[in-house]
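Down below is the structure, laid out as structure tokens.
Given the structure is predicted, the values throughout are model-derived calculations rather than measurements. Whatever order the structure lists them in is the order used to number ligands and atoms, beginning at 1. Computed from heavy atoms alone, side chains included, the values below leave out hydrogens, waters and symmetry copies.
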Amino acid sequence: MIISTKTKLLGLLGYPLGHSLSPIMHNTAFESLDLDKIYIPIEVLPENLETVVRGMAKMNFEGFNVTIPHKIEIMKYLDEIDEYAKCIGAVNTVVVHEGTLKGYNTDGMGFLKSFEESTGTKIHGKNVFILGSGGASRAISMTLALKKANKIYICNRTYERAVSLAEDINKQTGAESVAVKHEYDHMKKAIADCHVLINTTSVGMSPHIDSSPLDRELLTPSLTVCDAVYNPRKTRLLKDAEEMGCTTVEGLKMLVNQGAEAFEIWTGIKAPAELMLKAISK
Ligand code: ATR
């Protein structure tokens, strides 16, 4: 593409960015729709975040994504924060408009869209078992609570973090969320009451591709099993789930859908999600 003074900029702020898939995903989408926009990776150290963000507000940026370690810190420098992002307590997408900045969080909605597309059902009224209590768990669990999932079980290796997240969910959304001890019998009882199981921990991520966050005996065919890990695309957990007859949802779809949500917030145009998925599936 030809870059000119009219070209609008988008980007990703994080540190380190490693082999982020977002630039290829968004640039493929812009090119396919003939949009005069480019998406660039910008590595920013925490101590430089404010300077960089204030500068971007004065440049020809239309928006940007924010990733580790800036998702919470960025909130200090925004003029406005969307209700979902406020509830989650983290921002991954920012819109720049006439020098002002508004923050959103598309991680949870990205998950939800993947779930709905893969299963053809809504999360409303479902019981959900979530493994992990970190940033990804927070975004997904808060979104599910706001979308009226029936009951949300939070299970984490460090039990206190599960208790604290469950309390936050209940306080902020009025949902019914409970912490579950990371022990076989406790997990078994909670999972037996659930329609959906989601792994938000890093267990199973490359190079530890043979690890699963869960004993496969805990999986029953009526469960929909979702994994936020996308490298490898088919994790040990998802392989086990398939073998046990469960419906599965891949992490790569969640990644694409959080990107597609951000794309739609920035452009107001429906994102070419299939093409974006293809671009990062190579
Ligand atoms: P993210 O922002 O990707 O969610 P995070 O905030 O660092 O990352 O959270 C990582 C999650 O994976 C946590 O819930 C962590 O459990 P602890 O709170 O006990 O640390 C979980 N996790 C990481 N490695 C794990 C392992 N080997 N077994 C079980 N849980 C693990």
Distances under 3.5 Å, N/O of ligand 1 against N/O of the protein: list each pair and its distance.
residue, atom, partner, partner atom, Å
ligand 1, 2 (O), Gly135, N, 3.3
ligand 1, 4 (O), Gly135, N, 3.1
ligand 1, 4 (O), Ala136, N, 3.0
ligand 1, 6 (O), Gly135, N, 3.2
ligand 1, 14 (O), Ser133, N, 2.8
ligand 1, 14 (O), Asn156, OD1, 2.7
ligand 1, 16 (O), Asn156, OD1, 3.2
ligand 1, 18 (O), Asn156, ND2, 2.8
ligand 1, 18 (O), Arg161, NH1, 2.7
ligand 1, 19 (O), Arg157, NE, 3.0
ligand 1, 19 (O), Thr158, N, 3.0
ligand 1, 19 (O), Thr158, OG1, 2.5
ligand 1, 20 (O), Arg157, NH2, 2.8
ligand 1, 27 (N), Arg157, NH1, 3.4

- Item | Spacing of CG belonging to Leu131 relative to OG1 belonging to Thr201, to within rounding of 0.5 Å |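 Output value for this atom pair is 6.5 Å.
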- Item | Residues in side-chain hydrogen bond (donor to acceptor under 3.5 Å, both in side chains) contact with Arg216, at least two apart in sequence or another chain |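 Arg216: side-chain hydrogen bond (donor to acceptor under 3.5 Å, both in side chains) contacts with Asp240, Glu243.
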- Task: Tell me, please, which residues at least two apart from Thr119 pass side-chain hydrogen bond (donor to acceptor under 3.5 Å, both in side chains).
- Result: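 Only Thr121 meet the side-chain hydrogen bond (donor to acceptor under 3.5 Å, both in side chains) criterion with Thr119.
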- Query: Do Lys147 and Leu112 come within less than 4.5 Å of each other through their side chains, counting heavy atoms only?
  - Reply: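 Lys147 vs Leu112: side chains touch.
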- Query: Less than 4.0 Å between a side-chain N and a carboxylate O, is that true for Glu117 and Lys253?
  - Reply: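 The answer is no: the pair does not qualify as a salt bridge.
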- Not counting sequence neighbours, which residues clear side-chain contact (heavy atoms from CB on, under 4.5 Å) with Val96? List them please.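 In terms of side-chain contact (heavy atoms from CB on, under 4.5 Å), with neighbours along the sequence ignored, Val96 is linked to Phe61, Phe64, Leu101.
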